[in-house]
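Take a look at the structure set out below.
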There are 2 protein chains.
Amino acid sequence: MSATIALHPVPIDKLRVACSTCGLKELCLPIGLSDEELGKLDQLVTLRRTFRKGTNVYRAGDRFDALYAVRYGFFKTMVTAVDGRDQVTGFSMAGELLGMDGIGTDKHTCDAVALEDSEVCVIPYGHLEELSRELHSLQHHFHKVMSREIVRDHGVMMLLGSMRAEERLAAFLVNLSQRFTARGYSPSEFYLRMTREEIGSYLGLKLETVSRVFSKFQGEGMISVQQKHVRIIDIPRLRELIGQRPC
Amino acid sequence: MSATIALHPVPIDKLRVACSTCGLKELCLPIGLSDEELGKLDQLVTLRRTFRKGTNVYRAGDRFDALYAVRYGFFKTMVTAVDGRDQVTGFSMAGELLGMDGIGTDKHTCDAVALEDSEVCVIPYGHLEELSRELHSLQHHFHKVMSREIVRDHGVMMLLGSMRAEERLAAFLVNLSQRFTARGYSPSEFYLRMTREEIGSYLGLKLETVSRVFSKFQGEGMISVQQKHVRIIDIPRLRELIGQRPC
DNA sequence: TCCGGCGGTTGATCCAGGTCAACGAGGAAC
DNA sequence: GTTCCTCGTTGACCTGGATCAACCGCCGGA
């Protein structure tokens with residue numbers, strides 16, 4: 001095989017990428033790496049893939065061999081029970097990492113689905129382990145990312161295990177608001193990429209309940225909703241609802 | 001300071017330990033390590049600590065600097081909301097790892113409490129990162145452990161988000177049964193170390209509901225319960241309840 | 001041995017959220 | 001533009017599990 005002829009034809013959705021110049025490097029895996037280290041990471045993350053709305057990055061049961069860093073777009077992850085019921089376990093946006101569920105068994109255990117046209121950086125997992133033996137800060141940061149995912153999951157358990165419907169939705173909105181803010185978007189106005197049913201699944205509620213609580217919040221002047229467009233009018237009051245001081 | 005005089009007096013509950021001879025090595029961090037590698041791990045895990053029933057291994061907010069491998073005994077982990085409500089996020093038994101919640105922020109984010117007199121191996125986290133750069137299989141296995149924790153959490157979300165009370169308790173019992181089996185105990189007869197309230201918190205139910213469902217299962221001949229002593233009479237039927245084929 | 005208190009059980013009642021049903025609005029396909 | 005069709009909203013009603021309350025039994029301590 002010649003150096004100029006690819007063994008596997010490269011799909012048109014796969015492009016050269018560089019962490020060193022990526023606008024998300026303060027959110028994503030490169031956090032805290034020096035320029036030299038960033039250069040090495042560039043050699044690792046060489047592939048981008050785009051996903052049309054509704055398509056899967058991976059499915060439960062798929063062989064695991066890479067993590068995916070969201071470049072832009074929006075994803076949901078969900079697990080499906082043997083009887084077919086499914087549960088949305090999270091929503092991922094730019095700078096967040098998908099696929100860590102697969103490391104434990106070499107197979108993915110959930111589905112990751114694009115909720116709008118999206119793009120990810122492909123991080124071959126074997127190479128990540130290799131490189132993280134060399135770059136201590138990459139190693140440490142990767143561990144932090146996994147740990148934070150565990151902590152986030154604990155938060156969801158709290159949500160599902162001991163909060164009422166209104167608290168759950170308030171927590172959901174406040175969380176989205178924070179994450180949008182961190183990405184330079186408005187804290188108070190955004191489009192939901194997911195349906196009421198997906199929100200409900202995530203929050204352990206039925207879609208009708210989600211809709212009703214949205215209407216209630218709107219009636220009380222805390223938010224204004226029209227379909228997927230949400231404007232948060234009174235964030236302090238939402239925070240109060242979930243037991244946090246307005247700060 | 002002389003080599004024979006400890007700078008910090010060694011508490012009597014801290015003892016020399018060896019992974020290489022530990023009976024739990026097939027469950028715990030040493031999985032898949034060669035004898036030589038095991039020897040190195042021994043140098044890392046040099047401390048055991050015992051905890052009396054009701055005492056904390058760590059609390060939310062404590063500085064994170066070590067992981068803890070359960071040697072014997074039983075623990076719960078729980079998160080507490082600002083308003084004081086708390087949520088049990090898991091129960092840990094021999095061979096399982098506590099403390100991974102702390103890596104992300106260098107502070108623990110939950111409490112770990114002994115539910116009976118217990119003992120753990122202390123794994124200084126910095127040393128673990130260091131050693132796992134050297135021992136590939138240790139590195140990989142540690143990642144697997146974290147990943148499995150994430151997958152376990154997804155299971156709990158499924159439980160809390162889309163199962164009814166009976167399914168939740170059935171899933172809980174089947175899970176305990178499996179974990180006891182893996183440790184060489186009876187799959188069908190065990191003592192619960194946690195109260196009805198703790199089970200309820202974990203499952204998103206009130207203690208009265210837990211008690212009622214126990215009684216219902218007993219009435220239907222699937223289990224026999226007397227206080228904390230549980231005997232599972234019909235595991236296939238419990239599995240059916242949670243939608244799994246009896247197999 | 002007795003006592004007190006925690007943990008567990010059970011009954012009666014209530015209500016948050018689920019279920020079922022009807023309808024409306026936006027958006028993609030043609 | 002028209003036609004579906006999915007997604008969202010709202011109303012009426014129902015129910016699983018929460019809440020409130022009484023009581024019991026086990027276990028630890030004096």
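Letters go in sequence order (proteins before strands), and every chain restarts at 1.
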Backbone N/O of [Y] and side chain of [X]: donor-acceptor pair under 3.5 Å:
X        : Y        : result
B:Ser118 : B:Phe51  : no
B:Arg231 : B:Val225 : no
B:Asn56  : B:Arg59  : no

(message) Please tell me whether A:Thr50 and A:Glu119 have a donor and an acceptor in their side chains that are separated by less than 3.5 angstrom.
(response) no
(message) If we count only N and O atoms by modelled type, under 3.5 Å, do the side chains of B:Tyr58 and B:Asp101 hold a donor and an acceptor together?
(response) yes
(request) Could you tell me how the ring of A:Tyr191 sits relative to the ring of A:His229: parallel (under 30°), tilted (30 to 60°) or perpendicular (over 60°)? (result) tilted
Return the value, rounded to whole Å, for the distance between atom [atom1] of [X] and atom [atom2] of [N].
X        : N      : atom1 : atom2 : value
A:Leu160 : C:dG17 : CG    : P     : 13 Å
A:Lys228 : C:dA28 : NZ    : P     : 11 Å
B:Met194 : C:dG8  : CE    : C1'   : 15 Å
A:Asp117 : C:dA28 : CG    : C1'   : 14 Å
A:Lys216 : D:dT10 : NZ    : P     : 14 Å
A:Gln218 : D:dT10 : CD    : C1'   : 13 Å
B:Arg193 : C:dG7  : CZ    : P     : 17 Å
A:Tyr191 : D:dG8  : OH    : P     : 14 Å

(message) Taking salt bridge (charged side-chain N to carboxylate O under 4.0 Å, His left out) as the criterion, tell me which of A:Arg52, A:Lys53, A:Arg193 meets it with A:Asp117.
(response) A:Arg52
(message) Given A:Phe190, which partner from the list A:Phe180, A:Phe74, A:Tyr185 fulfils the ring-ring contact (aromatic ring centres under 6.0 Å, His included) test?
(response)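 In the set A:Phe180, A:Phe74, A:Tyr185, the residue that makes a ring-ring contact (aromatic ring centres under 6.0 Å, His included) with A:Phe190 is A:Phe180.
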Extract from the structure each pairing of a protein N or O with an N or O of nucleotides 4-6 of chain C at less than 3.5 Å, listing the distance.
none

Solution key, residues 201-215 of chain A side-chain donor-acceptor pairs under 3.5 Å, sequence neighbours excluded:
residue	atom	partner	partner atom	Å
A:Ser201	OG	A:Val88	N	2.8
A:Tyr202	OH	A:Arg152	NH1	3.3
A:Ser215	OG	A:Ser211	O	3.1

(request) Considering just the side-chain nitrogens and oxygens of A:Thr195, establish if one lies under 4.0 Å of OP1 or OP2 belonging to D:dT6. (result)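 Answer no for this pair, as no side-chain N or O of A:Thr195 is under 4.0 Å from OP1 or OP2.
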(request) Could you run through nucleotides 14-30 of chain D and give me one letter per nucleotide, 5' to 3': B if any protein heavy atom sits under 4.0 Å from the base, S if only the sugar-phosphate is that close, - if neither? (result) --SSSBB----------
